[in-house]
Amino acid sequence: MSYTALYRKFRPQEFTDVRGQDHIVTTLKNQIKADRIGHAYLFCGTRGTGKTTIAKIFARAVNCEHPADGSPCGECAACRSIAAGTSMNVIEIDAASNNGVDNIRQIREEVEYRPTEGRYKVYIIDEVHMLSIGAFNALLKTLEEPPSYVIFILATTESHKIPITILSRCQRYDFRRISIDVIASRLRELMDEEQVTVEEKALRYIAKAGDGSMRDALSLLDQCIAFYLGQELTYDRVLETLGAVDTEIFSRLLRHILDGNVTGTIGLLGDMVTEGRDLGQFVTDFTWYLRNLMLLQGSDDMEDVLDISSENLALLKEEAQMVDGMVLMRYIRIFSELGSQLKYAVQKRILIEIALVKLCRPQMEQDYESLIDRIDGLERKLAEGAFAAGSAAQSGRTDADGSMSAAPRDVAAAKKPVMEKAVPEDIQKVIAGWGSILSRLTGVTRTYLKKAVKSLGSDGALLLVFDDPNAYAYVEENRSGCRDALVAAMEEQTGKTVGLEIRLNESGQPGEEIYPDLGELIQFEIEDEDF
């Protein structure tokens, strides 16, 4: 026996099997129980949300000999013949291929004959928006005053293309996109029935990839099961099968972009291409990732809106603080435009590389959002002291004629006072004013330094211990001049040269449990401001 796809095998046969469309199911059941059945229905909604399925259940229910609570019994002769597709009372028409006037004229001739069995003759016209203008006009009169034993069910994904004269003659039902929770729950039921082992995280990703369509989600699940037939279906295997990208990659990509690291950004894209990831899916998922960051910036109460784990939510909140809202909107605009361009592109990788370079180099564009991004970058560099050396070299004296003459570099350096080396008492001043020091640094640097355990290093230096490898690498490698900016801020605070040691805690235990807290060591209260 040939294999039956999951979405066909588990197509709902009763109203109780339908998921996510309770507002429509309840209304139709009430009409059947009260015998208030209309003559024309219009089912609107995106693909895979149950329009045709509910139309077939409704056709069985109105002809059922023993309906139960408005649903078909599934056992009588009418129910069995309609389910098998052999009934002469239920006629399915694909308007995409039968969209001419002659096809509608044939329907008008057929409705004159009563059903051979059962109460109603039901016409299900799928993709009705594909009918020609002449066909719509031919349908008008029949749709307005059909025989009492005829029901029309029109299904469409594009209701705006249907003439208002048709809309006004139908009861309209809008099918909603099915939520991720509902799809994931249904997938879990079916996998338990099929005795297939699937991780919950994998099911939720498939449900999300279904984009509100139960049929799409079942098709994707079918594909993943076939690839790993007889094996447990894990989250990583689903990503590999669908060519998707883990959210950890998006986090690394964003940090490269914020650092202006074009080489690292393009290299990360190259790794994804080598792994066989789908570039179109990557653009879509990264756009959603940026959208989630924007929502977190807009409100703190987004846990219910963002369908992600608490672990990923904490990471997103941290990253949302690293980027300005206007800059984030520019990123979303560029990737949204990129998504539409990729549909017809031959060299998708090149288009994505251009977009990534634009994100790293806002000076390439001249619009308002890019200008904001450039200003934000300049402010970060100013806060890090990136222009201090240049300013000192370019500062000069005023000649007698009022013109400026540059001061020699060695003279400027000679005028710089030699500061004393800081002692533990000076480190105390640094920690006491730690909040003030952090306020002079950029958002990314400030976020990472707040994670550090502050302790006393060798030779009276300040020791910063990091549990987070990303934070450690960022400060240790002096990315965006963050380490230099911190040292400059501490020297300004104390008036002395402050030694700095950076260390990564690889013990597996929290850093504060291993390294002595500097505040307790020299017995003073640490002032820590929240930014």
Side-chain angles (χ1 to χ4, degrees), residues 255 258-259 318 321-322 376-393 395 412-505 510-512 514-531:
R255 294 166 196 267
L258 293 176
D259 292 341
E318 173 189 325
Q321 300 174 359
M322 298 181 182
D376 183 66
L378 289 174
E379 289 178 344
R380 288 200 302 267
K381 292 181 179 180
L382 285 171
E384 295 165 2
F387 302 113
S391 299
S395 61
K415 291 182 179 180
K416 183 179 180 180
V418 178
M419 292 186 291
E420 298 178 6
K421 187 175 182 180
V423 295
E425 288 75 11
D426 298 313
I427 302 299
Q428 175 179 348
K429 296 181 181 179
V430 170
I431 303 303
W434 189 247
S436 176
I437 291 174
L438 292 184
S439 67
R440 306 173 198 175
L441 306 177
T442 61
V444 180
T445 303
R446 190 164 58 231
T447 300
Y448 281 144
L449 289 177
K450 289 172 68 175
K451 296 182 175 182
V453 176
K454 300 174 283 293
S455 189
L456 188 63
S458 60
D459 200 18
L462 174 64
L463 172 63
L464 298 180
V465 181
F466 292 92
D467 294 333
D468 183 359
N470 290 328
Y472 165 76
Y474 187 86
V475 180
E476 174 63 23
E477 297 173 7
N478 195 27
R479 296 180 187 174
S480 301
C482 63
R483 184 167 182 165
D484 295 339
L486 174 60
V487 171
M490 291 191 297
E491 289 180 351
E492 183 179 350
Q493 181 83 4
T494 61
K496 295 184 179 181
T497 302
V498 181
L500 181 62
E501 295 182 16
I502 310 297
R503 190 173 302 172
L504 175 63
N505 176 28
E512 58 267 17
I514 300 176
Y515 295 89
D517 185 85
L518 190 56
E520 298 178 0
L521 182 65
I522 53 182
Q523 296 180 350
F524 65 89
E525 295 184 357
I526 297 178
E527 173 192 343
D528 192 5
E529 301 178 10
D530 190 15
F531 297 92

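Everything quoted here is computed from the prediction, not taken from an experiment.
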Chemist: Once side-chain contact (heavy atoms from CB on, under 4.5 Å) is applied, do any residues pair with Asn470, and if so which ones, sequence neighbours excluded?
Modeler: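 Per chain and number, Asn470 pairs via side-chain contact (heavy atoms from CB on, under 4.5 Å) with Tyr448, Asp468.
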Chemist: For Glu492, what residues pass the side-chain contact (heavy atoms from CB on, under 4.5 Å) criterion, not counting sequence neighbours?
Modeler: Arg440
Chemist: Working to the nearest 0.5 angstrom, can you tell me the gap between Ile437 CD1 and Arg446 CZ?
Modeler: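 Result: 13.5 Å between the selected atoms.
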Chemist: Which atoms form the tightest heavy-atom contact between Val487 and Val498, and what is the distance?
Modeler: CG1-O, 4.3 Å
Chemist: Distance from Ile502 atom CD1 to Phe466 atom CZ, nearest 0.5 Å?
Modeler: 5.5 Å
Chemist: Drop me the distance from Thr445's OG1 to Lys450's NZ, to the nearest 0.5 angstrom.
Modeler: 13.0 Å
Chemist: Looking at residues at least two apart in the chain, or sitting in another chain, which of them share a side-chain hydrogen bond (donor to acceptor under 3.5 Å, both in side chains) with Asp467?
Modeler: Asn505
Chemist: Roughly how far, to the nearest 0.5 Å, is CE of Met490 from CG of Leu500?
Modeler: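 Those atoms lie 4.5 Å apart.
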Chemist: So, does Asp484 use its side chain to make a donor-acceptor pair with the main chain of Asn478 at under 3.5 Å?
Modeler: no
Chemist: When you look at Leu464 and Lys454, which way does the side-chain contact (heavy atoms from CB on, under 4.5 Å) test go after all the steps?
Modeler: CA-CA 5 Å; Leu464 298 180; Lys454 300 174 283 293; 3.8 Å; yes
Chemist: Of all heavy-atom pairs between Cys482 and Tyr474, which one has the smallest distance, and what is that distance?
Modeler: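 Where Cys482 meets Tyr474 most closely, the heavy atoms are SG-O, 3.3 Å.
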Chemist: Could you go through the salt bridge (Lys or Arg N to Asp or Glu O under 4.0 Å) check for Arg483 and Glu477 one step at a time?
Modeler: CA-CA 8 Å; Arg483 184 167 182 165; Glu477 297 173 7; over 6 Å; no
